[in-house]
Amino acid sequence: SVLKRIVKTIFYLGLTFVLICVTLVSLLFIYQDEVKAAMLGEINKHLKSEVTIDPKNIDLTILKTFPDCSMEFKNVLMLEALQIKKRDTLLFAEQLNLHFDISDLWNKRYDIKKITLKNAIAKPGLTKNGKPNYIFWEESEGGNKNDSINFNLNLIQLENCHLIYKDRSRIFKTDLFIKELSFKGNFSEVEYDMSSKGKLVINQIAASKRTFLKNKNCNLNINLIVKGNNYEFEKTNFSLNNMLFNLNGNFLYADSLQKMNLDYEASDLDIATVLSLLPEDQKQKATNYKSDGEFYTRGHLNYSGKTNFDLQSEFGIKNGEVTYKPTSTTAKNINMDGKLIYTNATSKLDLTNVHLNLNNDELKGDLSINNFSEPFIHLVVDATSDLETLQNFWPIDTLTKLKGKLKINSEVEGLLSDLKDQTFSNKVKLNLDANVTNLEAQFKGDENIFAVENCSVTAKDREVEVKDLK
């Protein structure tokens, strides 16, 4: 009957499955010691770094890695590959698997085609002299044709790994937590296509005492054409806190980054996402605001060493809207164009066509900053503002009350240090035409109210004139 045939089929399938499992387990018992000895012997021949592991934490697995066979290492400790007395940890991994074909058990030559690394911490880097601490594998003289273990990798997978890279010669640090990351390609070839996908958290990217990124989510989807040490972006994008960037260009990597030529573009971004990239101390204040509108950025990076780099970026805001949530005060029609130039010899930031409306008030202006080490400022402002509305949108912490009308047209130019200490000297260019009416201001901790009915101030060529002060 049909029922009997179904039962018989299920029985034979179950029996086949059991036989396969028994066969695989038998292979483990037959070949385990032989494979362990062969692999460990070959690995020790090539290692340039000290590795510590309990022999009980080395296993040959088939069932949980089927159809691959795998040599599994648990709680592996590897020290830096440096000829010094005090060496730091290069790698500690709770689980490391080297995958190869089951047929290699009979051939007694083990081609490692896949590596998986889980729950690990790695600390690669360069010493103050620029020497890498991570070159832990030494190739055999005349090739590895006679070795019983070869690395013909086409897949590397990482899961829950903490990577801390330090370049002590350039005082550069990258701290990443890798949730999941994979690399695919024929890595044993000189020329090949490589793809990479992953999800990670940028804990910190810093140079000297300057932190560029901190606590940011990042997703990768990268395709590269590899020719020796040259890597060309074919189809690449990555997202940073949901900001999607498209990349084009190439880079040269040999032990460390030698050269990079990179174009990037991100369009149709929302302001709220951009604000999420602010440093933590500034982002805390930004949480009091909600925003809408478009943000764009595009640029080019050319790098050929610490003392030879060129970053040029254009960015801007279109039809932006920002609301200070505690008072529901909204700035509308926010528009701005920006340009950043940052090289080993030059640094400049230009903000042009700045415009916004705050209720019935309007603010327009331009800002230029030259030389970030010793900033030279050129600021042009043309604004009319209700001071109470301005206080409701951007509170001044030292004031409990601010009212009045302000109209200002001003141009300021000079070193930032001179603007603070020598505003009315010949070192600073100041043109000012301002008028305030019905001013009322009260400072925190002071019961008195500072009031001015009307006042006009003009300044030009270091001459200041106050009119109609009441």
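Nearest approach of F100 to L98, heavy atoms of both residues: CD2-O, 3.8 Å. Listed here is the closest heavy atom pair of S70 and N97: OG-ND2, 2.9 Å. Summarising the geometry of G198 relative to L181, their closest heavy-atom pair is CA-CD1, 3.8 Å, with the distance given to 0.1 Å. Closest approach of Y264 and Q312 over heavy atoms only: OH-O, 4.4 Å. Residues F393 and Y289 approach most closely at O-OH, 2.7 Å, considering heavy atoms. When every heavy atom of I377 is checked against every heavy atom of I369, the shortest pair comes out as CD1-CG1, 3.7 Å.
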message: What verdict does the side chain to side chain contact (heavy atoms under 4.5 Å, CB included) test give for I112 and L153, after you've listed the backbone C-alpha separation in whole Å, the side-chain angles of each residue and the deciding distance to 0.1 Å?
response: CA-CA 6 Å; I112 308 302; L153 293 172; 4.1 Å; yes
message: As a quick check of understanding, evaluate ring pair (Phe, Tyr, Trp, His ring centres under 6.0 Å) for Y253 and Y231, giving each step before the final call.
response: CA-CA 8 Å; Y253 190 94; Y231 299 78; 7.1 Å; no
field: Evaluation steps, side chain to side chain donor-acceptor pair (under 3.5 Å), between N261 and H300
entry: CA-CA 8 Å; N261 192 343; H300 176 79; 3.3 Å; yes
task: May I have the step-by-step check of side chain to side chain contact (heavy atoms under 4.5 Å, CB included) for T236 and F238, ending in yes or no?
output: CA-CA 7 Å; T236 297; F238 75 94; 5.6 Å; no
task: May I have the step-by-step check of side chain to side chain contact (heavy atoms under 4.5 Å, CB included) for Y296 and E265, ending in yes or no?
output: CA-CA 8 Å; Y296 70 89; E265 182 176 10; over 6 Å; no
- prompt: Given the rule in the side chain to side chain contact (heavy atoms under 4.5 Å, CB included) test, do E94 and K74 qualify, once you have shown the distances and angles that lead to the verdict?
  reply: CA-CA 5 Å; E94 290 187 10; K74 293 182 178 179; over 6 Å; no
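Judged purely by atom type and a 3.5 angstrom limit, N133 uses its side chain to pair as donor or acceptor with the backbone of K123. Of the possible polar contacts, one joining the T327 side chain to the N392 backbone as a donor-acceptor pair under 3.5 Å is found. With D54 contributing its side chain and K56 its backbone, the two residues share a donor-acceptor pair below 3.5 Å. Side-chain N or O atoms of S304 include none that pairs as donor or acceptor with a backbone N or O of K259 at under 3.5 Å.
To the nearest 0.5 Å, atoms CZ (F233) and CG (N223) are separated by 11.0 Å. A distance of 4.5 Å separates CG of L390 from OG of S385, quoted to the nearest 0.5 Å. Taking CG of L220 as the start and OG of S196 as the end, the distance is 6.0 Å to the nearest 0.5 Å.
There is a side-chain donor-acceptor pair under 3.5 Å between S368 and D350. Looking at N154 and N186, their side chains never bring a donor and an acceptor atom within 3.5 Å of each other. Judged by distance alone, the side chains of D310 and T343 never bring a donor and an acceptor atom under 3.5 Å apart.
Side-chain contact between L117 and C161 is present, with heavy atoms from C-beta onward closer than 4.5 Å. L356 is listed as a side-chain neighbour of L358, based on a closest heavy-atom distance under 4.5 Å. A heavy-atom distance below 4.5 Å is found between the side chains of F136 and M78. Between V201 and L176 there is no side-chain heavy-atom pair separated by less than 4.5 Å. Considering only heavy atoms from C-beta on, L351 comes within 4.5 Å of F315 through its side chain. By the 4.5 Å heavy-atom criterion applied to side chains, D175 and Y165 are not counted as neighbours. Counting only heavy atoms from C-beta outward, the side chains of N335 and K318 approach each other to under 4.5 Å. Using a 4.5 Å heavy-atom cutoff, the side chains of V76 and V51 are in contact.
Enclosure of atom CD in Q83 is not indicated, since only 12 or fewer non-hydrogen atoms of other residues, nucleotides or ligands lie within 6.0 angstrom. Within 6.0 Å of the NZ atom in K184, the count of heavy atoms belonging to other residues, nucleotides or ligands does not exceed 12. The 12-atom threshold is exceeded at NZ of K48, counting heavy atoms of other residues, nucleotides or ligands nearer than 6.0 Å.
Classification of E314 and R298 as a salt-bridged pair holds, one side-chain N sitting under 4.0 Å from a carboxylate O.
Among residue pairs with one or both ends in residues 353-363, those qualifying as side-chain hydrogen bond (donor to acceptor under 3.5 Å, both in side chains) are N333-N357, D337-N353, H355-E362; sequence neighbours excluded.
Every residue two or more places apart in sequence or in another chain that forms a side-chain contact (heavy atoms from CB on, under 4.5 Å) with R87 is listed here: E50, L79, E80, I84.
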